[in-house]
Every structure is written in structure tokens, then in C-alpha cells.
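When reading the values below, keep in mind they use all heavy atoms of this one structure, side chains included, and skip hydrogens, waters and symmetry mates. Each chain gets a letter, A, B and so on, in the order its sequence line appears, and its residues count up from 1. All values reported here derive from a predicted model rather than from experimental measurement.
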Protein chains: 2
Amino acid sequence: MTIEFDHWIARVEHELSRKNQRLTPQRRVIAEALFHDGVHRNVDELYQLVRDRDRTVGHATVYRTMKLLQELDLVSANNFADGSARYEVAGAGDAHHDHLVCRTCDHIVEFEDDQVERLQEAIATRLGFVLRDHRMVLFGDCVRQACPNRQTSNLRRTGPGSHATR
Amino acid sequence: MTIEFDHWIARVEHELSRKNQRLTPQRRVIAEALFHDGVHRNVDELYQLVRDRDRTVGHATVYRTMKLLQELDLVSANNFADGSARYEVAGAGDAHHDHLVCRTCDHIVEFEDDQVERLQEAIATRLGFVLRDHRMVLFGDCVRQACPNRQTSNLRRTGPGSHATR
DNA sequence: ATCTTTGCAAATCCTTTGCATCTCT
DNA sequence: AGAGATGCAAAGGATTTGCAAAGAT
């Protein structure tokens, strides 16, 4: 746990230095928040977390840092339902994973599926593309007791239309 | 072609009337533009198309109309690379399709794949969700002669990172 | 009369930028 | 000194909303 964390910080520092950039106190605090409590947080939520530790960090710095970490492939961004980007630490050499989001409680489950990846590759090839990247998010109703969705009628197969865009 | 168009307008009118809403001149012009030249256009592009026909239509009306048509399941929205929503007529009872977008020239190809749909369903079920909707966009490099991408080195397997979010 | 729509401008939300000020080296 | 970073406030782009005027029933 702590070892993993140290490794993460070391990775950040290393990738930054490769581009002659520094692991400043602000960036360090952001990277810490990101690791400890930052899964699928958007910039504003990260900003709040960071502010608890360091009142001097500005909004813009969080944006700039997230952009930077993305460019260094240290974090990856997702867009689920709302309009904001949500980040997660990108494991070095990790397999790609996708997300399944509950429409009601926003609970997020990550999953990996080789079959999907292979299919996507095949589809792209068939259509004359070299596949470089993809984005896939599944939306559904989860069955957790805690989900408010369980309290109400969970029976309609014909739910309220599918408006998945932002 | 014209028959299809008439059918589309009739559908729009019907769905609107079911909710006590009218097919106003503005909405009609928007629906026309959408049908004739509106595939994967965003609001601003639609606005331009519409203005060619009717100078009095306002920006807000296009936004409001698209939102309305979405709620009526008459159009569906997608987010490809840029931050804006791009629309397409949603065929009544049509099979769902997904998109493959060229990173270089933004050329969009639509495809349907039952296998993918089935897999998604299986994954959701396995993880304790009732699948309601999904969003999938593949990004790649297309091989069309016209694509600027073909002019340059198309050889790097390790392209410029994968930052697909907005 | 009443309920729906509209255009306009102002407001909102997320994100980026300009700029003067620091901080390291 | 000189490049890299930061905070703040202003700017940007996409979308929504308040409001008074216009339309339809």
C-alpha cells in the first residue's frame, strides 16, 4: 500500500523529470490526492481534496496538472454521464479497462474484457481503420441494496429512453 | 427518399402531438435540416443550415428543439472527439449502431455488431447490472486516399498516446 | 384567456489562458 | 539570469435559462 504509493510518486517524478519538469509541492499534493482518494474524481472534486491539505493550490493548477499527467500517460480521463472529465491513475503497462455505470446511483464498476477488445480490433480492420483507441461505457441499473433504484419499480424493461452523451 | 422524408416529418409531428406539443415552423425547418443534411452535425452547424432557410430561428431554439427531439427518441446524440454533441435521426425500432472515427480527418463510419451487443449484455449481467444503454466509439487512422494521415508516416504503432475523453 | 414557443441576452458550467509574480538551478 | 510554475482573474466554448413578446387553441 505504502510501497505502491511511493512507487507512484516515484513514477510521477521520473516522468516529469524526463521532460525537465518538476514535482512541485502542488503537483505532489495533487498526485497524492489522486492516489489516495481520487478515483473517478473530476477536477473540482480533486481541487476540494487538495485544498484540505494545501490551501494555496489554485483551480488552474489542478487543471494544468491533470492535463500534464495525462500527456505523460500517468492518468487517464473518462467522461461518464456529466460533462466533466473524471480521472484515474493509469497503471504502467496495465491492461485497458472499461466502465459500467449505474444510471441511478452513479456507482462505477471497472472491467476488462479481452473478447471485446478483439472484436473492436476486428471491426476496425474490417472497416479499413487501424484502431488506436476506444471509449466504451455501459449504463445500467445496479442491483445493490444501497441503490435508490431498488426502492422503486425496477421492472420496466422500457426505461426512460437512452440519452447517453454527456 | 421523399417518402422517407414525409414519414420522418409525420413521425416528428406525431410524437410531438402525443405530448401536446406543436410542430412549429422553426421545429419543422430544424427537422428538415436534420434529415437532409444533418448527420453528425452539432448544434452550431445545424443552426447554420437552418439559418439558410429561415433567418429568424435563434440559437436557443435549436438547442431546445434538439433536447426535445432527444426526449422523444427521435434523435440520438453522440460525443466524438470535440466537446459538442452531434446528432442523428434515430430510426424507429432501428438496431443500435456505434461509430468509428478517424483521428485525423474525422471521417465517421457507422457499424452494427450483434456480437458486441451480446457481450456487453453478458458483461453487465455478470457484474450485477441490468444493461440499459451504452456508448462506444472507436478511434483510429483510416486508410482513405483523401485522409491527410496517409500523406505522413503511418507507420508508428506507438502513436501519440490515447487521450479520448472529450 | 391560456398554454406553448420563441428570440434575445444573461447566466452557468467546465476548461483554458494571459500575465505578473515566484521558485528553482 | 533563465526556464519552469503558480495564482488570480479574465476569457472561451457549449449549453441552459429568465423573461417579455408572439402564436396557437
What nucleotide, of C/dT6, C/dC14, C/dT17, holds the atom closest to the side chain of A/K67?
-> C/dT17
Pairs touching residues 49-62 of chain B that satisfy salt bridge (Lys or Arg N to Asp or Glu O under 4.0 Å), sequence neighbours left out | B/E32-B/R53
Residue among A/I30, A/T65, A/L34 satisfying side chain to side chain contact (heavy atoms under 4.5 Å, CB included) with A/V50 = A/I30
Classify the side-chain pair B/E112/B/H97 by whether it contains a donor and acceptor separated by less than 3.5 Å.
-> no
Taking only N and O in the side chain of A/R27, is any of them less than 4.0 Å away from OP1 or OP2 of D/dT6?
-> yes
Taking D/dA14, C/dC14, D/dT17 as options, the one with an atom nearest any side-chain atom of B/A60 is D/dT17
Once you round it to whole Å, what is the distance between P of C/dT23 and CD of A/Q26?
-> 10 Å
d(CG, A/L16; P, C/dC24) in whole Å = 15 Å
Nearest whole angstrom, please: distance from the P of D/dT16 to the CG of A/D82.
-> 14 Å
Rounded distance in Å - CG (B/D44) to C1' (D/dT16) = 15 Å
Closest heavy-atom contact between A/F80 and A/V137?
-> CD2-CG1, 4.0 Å
Within the structure shown, what part of the strands sits under 4.0 Å from B/N42 by heavy-atom distance: base, sugar-phosphate, or nothing?
-> nothing
Could you give the CZ-to-C1' distance, from A/R28 to D/dA5, as a whole number of Å?
-> 16 Å
To the nearest angstrom, the CZ-P distance between A/R41 and C/dC14 comes to 15 Å
Quick one: on DNA chain D, does A/L68 or A/H59 contact a more 5' nucleotide (nearest heavy atom)?
-> A/L68
Choose from D/dA5, D/dC19, D/dC8 the nucleotide whose nearest atom is closest to any side-chain atom of A/Q21.
-> D/dA5
Return the nearest nucleotide to the side chain of A/A85; candidates are C/dT15, D/dA9, D/dT15.
-> C/dT15
Nucleotide of C/dT5, D/dT6, C/dC14 approaching A/T24 most closely (side-chain heavy atoms) = D/dT6
All N/O contacts under 3.5 Å from nucleotides 21-25 of chain D to the protein, with atom names and distances to one decimal?
{"residue": "D/dG23", "atom": "N2", "partner": "B/R22", "partner atom": "NH2", "Å": "3.4"}

side-chain hydrogen bond (donor to acceptor under 3.5 Å, both in side chains) involving B/H107 - partner list, sequence neighbours excluded | B/R144
Modelled atom types, side-chain donor and acceptor of B/H134 and B/E121, under 3.5 Å = no
Figure out the CD/C1' separation between B/E45 and D/dT15, and round it to whole Å.
-> 16 Å
For the side chain of A/Y63, counting heavy atoms from C-beta on, which of D/dA14, C/dT16, D/dT6 is nearest?
-> C/dT16
Return the 5'-most residue of the pair B/R51, B/N20 with respect to DNA chain C, ranking by each residue's nearest nucleotide.
-> B/N20
Just call it for B/R64: base, sugar-phosphate, or nothing, with non-hydrogen atoms closer than 4.0 Å on any strand.
-> base
Nearest heavy-atom pair of A/L46 and A/G38: which atoms, and what distance?
-> CD2-CA, 4.1 Å
Is the distance between the ring centroids of B/H99 and B/F111 less than 6.0 Å?
-> no
Separation of atom OH in B/Y47 from atom C1' in D/dA14, rounded to whole Å = 15 Å
Of all the choices, D/dT15, D/dT17, C/dT15, which nucleotide is nearest to the side chain of B/V43 once you look at every atom?
-> D/dT15
